[in-house]
Structure formats: structure tokens, C-alpha cells
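Accompanying notes for the structure given below.
Sequence lines set the chain letters: A, B, ... in the order given, protein chains first and strands last, and positions in each chain run from 1.
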Amino acid sequence: MAVPSHLEFFIDPNRCIGCQSCVQACTECDTHKGHSMIHLEYINRSHSVQTVPVVCMHCDQPTCAEVCPADAIKRTADGVVQSARKPRCIACNNCVLACPFGVPKMQTDYELMMKCDMCYDRTSAGKSPMCATVCPSGALFFGTREQIEQLRPRSRAVNQFQFGGQTITTKVNMMTPKVGQVEYVDVTAAMNEGAIGKEITLNVLMNGLFDEEEQR
Amino acid sequence: MSALPDQLNDITNRFGPHLAFSGGVRLETGVEPDKLVNTHCCFCGQQCGITLKVKDNQVIGFEPWEDFPFNKGMLCPKGVKRYLQGAHPDRLTTALQRDESAPGGFRSMPYQQAIDRVAAEIQRIQSTYSNDAFAVLTGASLTTEKAYLMGKFARVALKTANIDYNGRLCMVSAAAGNKKSFGIDRAANPWSDILGAEVVWISGANVAECAPITTNYVWQAREQGAKIIVVDPRITPIARTCDLFLPIKPGRDIALFNGILHLMIENDWFDHDFINNWTVGFDAVAEHVKNWTPKRTAEVTGVAERAIHRAAEWWGKAKTSFLMHARGIEHHSHGVQNVLGAINIVLASGRIGLENCGYATITGQGNGQGGVCWPCYSEDHAGTPRLFELGSWNVIAKGAGPFYFPDGKARFNVAPYTPPAEDVDEEYPLMLTTGRVVSQFLSGTQTRRIGPLVEQYPEPRIELHPRLAEKLGIKDGDWATAESRRGVITLRAQVVTTIRPDTIFIPYHWAGAKSANQLTISAQDPISKIPEYKVCAVRVKKAENASDLAERIIH
């Protein structure tokens, strides 16, 4: 059994509400019960409620596997980078240190690296990964290219990333806005009093208003 | 009867909250359940479908129920972990009677004995005093059938006039406003109408944390080009990507709605035909909002004047729209007026009872609005997906019009602005508002017993803006004391630019020393009797004896 090639994983951080439903559901997955393989972080809670969920990106040339001295990390023909194989893993942490996305976790209790395997028990049986099934806001999505293009007309899927001199292509896609840029927003910018400080520009509000003034 | 601290400890030791975590068979891999049971999540008003795994008559885990039409397998963390309530150590499996000598002050008793005793006591009270001396309190998390049965039990069996429900502390302002405007309090639209709306207006609703599944509907509408307007003192997750954010001062919603209606009338952005044919009372409301100029609206609401213009223009010119509100505008001493103000701008737009056009209060409990109505065009019609469609038939109007008054017409209601019962002053210069976090439900009596949910957000924090924090000498993570005329609470501070600098926020899911209600005011809306949970005056300072506090709040 393999993950069907027409089904892809899409992460859309713009959609994340930080609810941790994915994290909680990941701990219910049958192959690693009690342990979540998902990373969910605030980017900078002081200035934004923006959060980002990260699952294993499943690199075409996985750095984790390349640095593994015990050859414990295998990438199956369907492009899924599997969790470390228990008989081979020597818990050396090389993969944890080397992964450019910071995905593998060392479970010291088991002397074993564990990471997201795209719910291989589910996806290889034609189901969706647990996290992408429960995500209430569409930040994690598993489906066809046609579906995501229809659902997210304002975004495009990216699967090539640059880390210093290293270019990485991945099986998992990251959705990015087709246009525009993201900036921090301070509540005071939309209040009926003068805003202070240098970072107070409320683009969600001001962009439209400037357009309006130009039209008049 | 107040309990002494020793007794409180006894009660906590005996009855919890204890934290349930996965263990035993729930953690084993490869366990095949005996059966899968499709059901609803037991928490909020979304009522997501969920599949529970059962083995040896115990709930051992969950599976997403992907075929359920509303949430399609999607869940929030409460839904994912709710299965841990099954076989919870705190579950009461017998009736209990007070016995001071027993641990926790209660002793178990057989159900039949308990039922006999309750029945005898009801009879004694009613025969000694009067039928009305016994009251029934019920809840909006019951099914429609159970709620019906409670009504019958109170009125027919007990013959008491006194029955109430926990919506009194929940969505009752919306219920009263809906009845005054539409003649009925029901969810009027299927959520699929959100998807086709050009403008989605969200007032006082932390959608992503309190009704997470609705986030996908709102954001999917946005992907198709809808403009999202969010009115809230905080940038909540749904506000983060909105197209227009109106950071309103707590307790000023009616002023904003009146200001919007003022601009709609001034610019002729309203539906003359709909107002003439299907509503009553527009002229009086139009007269009332004459004074609500953008300048005055901005001064009262604390929202920039240009933003008010923009909101009115988007709302006024839209061809389709959906307005949603929740407890943020309802839990006020003028909660009903806030709701009437919201409904006024919906009625003026004429965009109700149409595909992709609607209005809703997002209820917090499964049966918040008493079920769903399927209005018909005639008595043999199968029913339509939404209320208030022109030409639809209902038992009150009997074909005269789509609304639930004898003439079939909706009511505009003049909604005058009054400030919160307790406004800020020199002594208490800040506003407190309260709300929820995504991992907890209401008072936390259920979710504070589920380990993974407690770990996600273990204790309440005081949210405040860095401009305020700097003035008070409080840094992120410091212990801070908030004080009102009623009480004091000391919690860790969370310093964020996502809240108005004149407002602090405390989530309300905790009891005792961690309860936000140490501070809130008992002022009530004169119509709905809802307490003013969403705004009161407080002052904040850096706490003393931080290490003692840490000890107390963690244990």
C-alpha cells in the first residue's frame, strides 16, 4: 500500500487559528499514541496571534536521512519519509540537529527519533492524515491539487525552500499569498486616537482607505 | 452555606477536578474497538459530529466523522479530547446526600431512595407554601425533546410558573432581541449562506476560539472575495486576517450600529421596498440615529472615524451579507439594545431571508435557540432551508408575511445608547472584558477535568497592551493584580499589542481565586436580566509576593 499520488498535503499558515486541534489529534494516532509529531508555535505572540503548524515536509532528498549514521530513516517510493526504524536508530540526534525545518523529535525514553510520517497507516490506506482531517480552519489540508486551487484562489502552493546554500524540495506544500505582504498590526492603529510607535500601520484598514481617497 | 477551606479541600479531593489522561487500553496501539458510535460533541453550539471508539462498553478513543455534513470531520481540541470524559474518575455514578461526616461532605444513596426523597420534598414545599414556591432550572445543552419535557414537568406536573434556563447567563439578550425584532428566536440561516456572502460582519464573537468550525466558513467566504469586518476590543484569530477591524471600546456596540445606520440613511444605502413592505418602525429609528454622526460615533466607540465610514459603505453597498454576533455584544446591561442595533442594520439592508443573506447569534450551547424551524410556503410544503423567506408561511402570520408577528412584518426598535453600568474613572481607569480560550468550555466544570485541555492553557492570564504595561511597570509573565470595586484577582500578565490599551482581558473558565467574576459587576440588562460580564471598571498594578502567588495558583 502506498499514499495515492493524486493526494497531496498543503499547509496554509494564513488559515491557522492556533487551536492545537492537530496537536491533540496527533496524540491519538495509532502508531504513536500519546505523542504529538506536530509543531505548533506562535510566530511572535507579543505582536500577533499568528501561529504556524509544521508537519514533516517530506523532502525529496531528506537531510535527516542523509546525516543518519545508522541508515535508520527511509523514504518510501511514494515520497513519504518514514519515522526512524527502531532496530536501527541509535538516538544520536543527528537528524534532530540537521533537519532544516526542525521536525524530528528525540524520544529519550525510547531512545528513538520519532517524527510525522504523514499518518502512513491512514494515508497508505486511502484516508487523510489525522491532523488534516480535524483542522477546523483549513490550515492543514489533504486533497487534490484541483481541490486546493479551487478552495484557495488567492494562494499558491510552494514546495521549494532555501536554507543558506541548500535548496530543498518537498512533498508537502506550503500555501503562500499570491500577492501582498504581511505586517504586524497594533490595535491602536484603528482606534479613534493617535497611534504611537514605529510599527503601527494597520494595513488591513489603511490600504483600502487610501484607495478610496485616490478615487475621489 | 459557605464551606471552610478544609471542607473545600475535602470536596476537591473527593470530587475533583481530577485530570483525565489517556492510559491503559486508550494508549495501546493496534486495539480494535468493538464498535464505533456516531454522536455529537457534547460541548458548544456547533454540535460537531464525532465518532467514538468503544471497547468492552468503554469509550477508548475517537475518530473524525468525515461524512457529517456540518463539520466534515473537523474538530477543535475539545472535540478531539472529549472522549476522556467517558469513565472519568469524577463522574458521579450514584445519587448523593449531604453527610458532614463523609469525605467531601456527601454520602452515596440509592437512586430510588433519592427520587422518593426529592418527590416528597417538592410536595412538602408546594403544599406548605404554594405551587410557585418550587422552581425549575434547566439548560440549553439539553435536546429539544428534553427541554420540552422539562417545560411540561414544570407547568403540567408541578404547576409552577417558575421555570428558567441557563441561557439566562448565556444568549438570552439575543433571544429577547430576536423576539422583539422578528417575533421568534431561532437560527434563521444554514451556515452555508455565509459562503456566498459579499460582506461578513462579526461583532463581539471570538469565532476561532469559541466556534472554531465556523472559522472555515468565514475564511472560505473570504477566499471567494467576501470582505470580513470584525468588531472586537482584541485582535482575535478571526480578526487577524480581516479586511476591516473596528477595535471598539467594550460596551459601545449600540453606538456603532446606530452610527452605521446613520450613514446608510445619509447615503441612501438601504432597501426602501423591503422596509416599506415587510417592516414596521423605520421612521422612528431613522429619527433616533440622526444624531449619531460619524464624529460622535467615533468619540463614543473609540473607533477611527474613517473606519466607520468604510464599514458603513461596505455594509451599505453589499448585495449579499451575513451579520453574526455573540456574547461580546450580549453580556451587557444594555445587551438587548446592542442586539436590536445589530438587527436594525440588517433589516435596513433588506438582506435577510435570502440565499447568502442572513443574520445569526452564534449560540454557545447545542440547543441555544430551541432547535431549527423549516418555514413553508403552504401547509403541505416540505420546508425551506432558512427563515424569513418572502412568501413563506408561519403559524403566527398565517401567510401575511415572513416574520412571526400577526402582520408578518419585522420590527425596527429604537435602540438608545447608554454607557456601561460602571464607567471608568480616576480610581478605576481601565475596562475589563472577559471571554474564552479555545481549549476550555464555559465554566470549565467539564473541560478542567480533561488533562490535555488543561495543559494547553493551564491558568488564566491578564492580557494587556504594552503601552499600558509600560505605564504600570509590568512585563510579560509578571504577576499582576487587577482590582475592581467587588474584588481582586492576581494572575500572570500577558503583554500583547492585540488589545486596546484602555482594556484588559481575562478568560473566565476558572473558579475561586482564579475566577474573573471576582471582578465583574452584577448589573443586569433590564429586559433579559443578563449580567454585565463584558465590561466593568478595574485598576491594575504589579503584584507583590510573586513567589507566594505562584505557589497558590499552581496548587
Seminar exercise, completed: For Pro64(B) and Val134(A) the tightest heavy-atom approach is CG-CG1, 3.9 Å

Exercise. So Thr27(A) and Lys81(B), side chain to side chain donor-acceptor pair (under 3.5 Å) or not? Walk me through it.
Worked result: CA-CA 10 Å; Thr27(A) 67; Lys81(B) 292 296 180 181; 2.7 Å; yes

Exercise. For the candidates Gly61(B), Ser22(B), Gly30(B), which exhibits the highest count of non-hydrogen atom pairs separated by less than 4.5 Å from chain A?
Worked result: Gly30(B)

Exercise. If you draw a 6.0 Å radius around CD in Glu299(B), do more than 12 non-hydrogen atoms from other residues or ligands fall strictly inside?
Worked result: yes

Problem set entry | Non-hydrogen side-chain atoms of Pro77(B) and Cys19(A) separated by less than 4.5 Å | yes

For this session: Examine whether an atom of Pro233(B) lies under 4.5 Å from a heavy atom of chain A, and if so say whether it belongs to the side chain, the backbone or both; otherwise answer neither.
Result: backbone

For this session: Check the pair Thr498(B), Arg45(A) against side chain to side chain contact (heavy atoms under 4.5 Å, CB included), reporting the backbone distance first and the verdict last.
Result: CA-CA 9 Å; Thr498(B) 51; Arg45(A) 182 61 190 94; 3.1 Å; yes

Exercise. How long is the gap from CD1 on Ile238(B) to CD1 on Ile17(A), to the nearest 0.5 Å?
Worked result: 8.0 Å

For this session: Identify the two heavy atoms, one from Cys135(A) and one from Met74(B), that lie closest to each other, and give their separation to 0.1 Å.
Result: O-CG, 3.2 Å

Problem set entry | Residues Glu63(B) and Arg122(A) bridged, charged N to O under 4.0 Å | yes

For this session: For residues Gln20(A) and Ser439(B), determine if any side-chain heavy atom of one lies less than 4.5 Å from a side-chain heavy atom of the other.
Result: no

For this session: With Glu223(B) as reference, evaluate Arg15(A), Gln150(A), Arg154(A) under the side chain to side chain donor-acceptor pair (under 3.5 Å) test and give the passing residue.
Result: Arg15(A)

Problem set entry | Heavy-atom closest contact (Met191(A) atom, Pro501(B) atom, distance) | SD-CD, 3.7 Å

Seminar exercise, completed: Bottom line for Val495(B): the part with an atom under 4.5 Å from chain A's heavy atoms is backbone

Exercise. Relative to chain A, which segment of Phe21(B) carries a heavy atom at a distance below 4.5 Å: side chain, backbone, both, or neither?
Worked result: neither

Exercise. Within a radius of less than 6.0 Å around OH of Tyr110(A), do more than 12 heavy atoms belonging to other residues, nucleotides or ligands occur?
Worked result: no

Exercise. Between Thr31(A) and Thr29(B), is a side chain to side chain contact (heavy atoms under 4.5 Å, CB included) present by the stated rule, with each step listed?
Worked result: CA-CA 6 Å; Thr31(A) 53; Thr29(B) 57; 5.9 Å; no

For this session: Start with the C-alpha distance between Gln456(B) and Gln24(A), add both sets of side-chain angles, then the distance that settles side chain to side chain contact (heavy atoms under 4.5 Å, CB included), and finish with yes or no.
Result: CA-CA 9 Å; Gln456(B) 185 169 332; Gln24(A) 299 284 14; 3.0 Å; yes

For this session: Start with the C-alpha distance between Thr133(A) and Trp65(B), add both sets of side-chain angles, then the distance that settles side chain to side chain contact (heavy atoms under 4.5 Å, CB included), and finish with yes or no.
Result: CA-CA 9 Å; Thr133(A) 310; Trp65(B) 181 6; over 6 Å; no

Seminar exercise, completed: Of the listed Thr214(B), Ile499(B), Asp476(B), the one with the largest count of heavy-atom pairs under 4.5 Å with chain A is Ile499(B)

Problem set entry | Under 4.5 Å from a heavy atom of chain A, the part of Glu463(B) involved | side chain

Exercise. Taking all non-hydrogen atoms of both residues, which atom of Asn14(A) and which atom of Thr241(B) are closest, and how far apart?
Worked result: OD1-CG2, 3.5 Å

For this session: For the residue pair Glu28(A) and Lys53(B), establish whether any side-chain heavy-atom pair is separated by less than 4.5 Å.
Result: no

For this session: Check each atom of Leu453(B) against the heavy atoms of chain A and say whether the ones under 4.5 Å are side chain, backbone, both or neither.
Result: both

For this session: Kindly indicate whether the side chain of Pro136(A), heavy atoms from C-beta on, has any atom under 4.5 Å from the side chain of Leu75(B).
Result: no

Exercise. Are there more than 12 heavy atoms of other residues, nucleotides or ligands under 6.0 Å from atom CD of Gln147(A)?
Worked result: yes

Seminar exercise, completed: Okay, Val496(B) and chain A: the region with an atom under 4.5 Å from a heavy atom over there is both

Exercise. Side chain, backbone, both or neither: which part of Gln220(B) has a heavy atom under 4.5 Å from chain A?
Worked result: both

Problem set entry | Heavy-atom pairs under 4.5 Å with chain A, option from Arg222(B), Arg26(B), Glu305(B), Glu28(B) with the top count | Arg222(B)

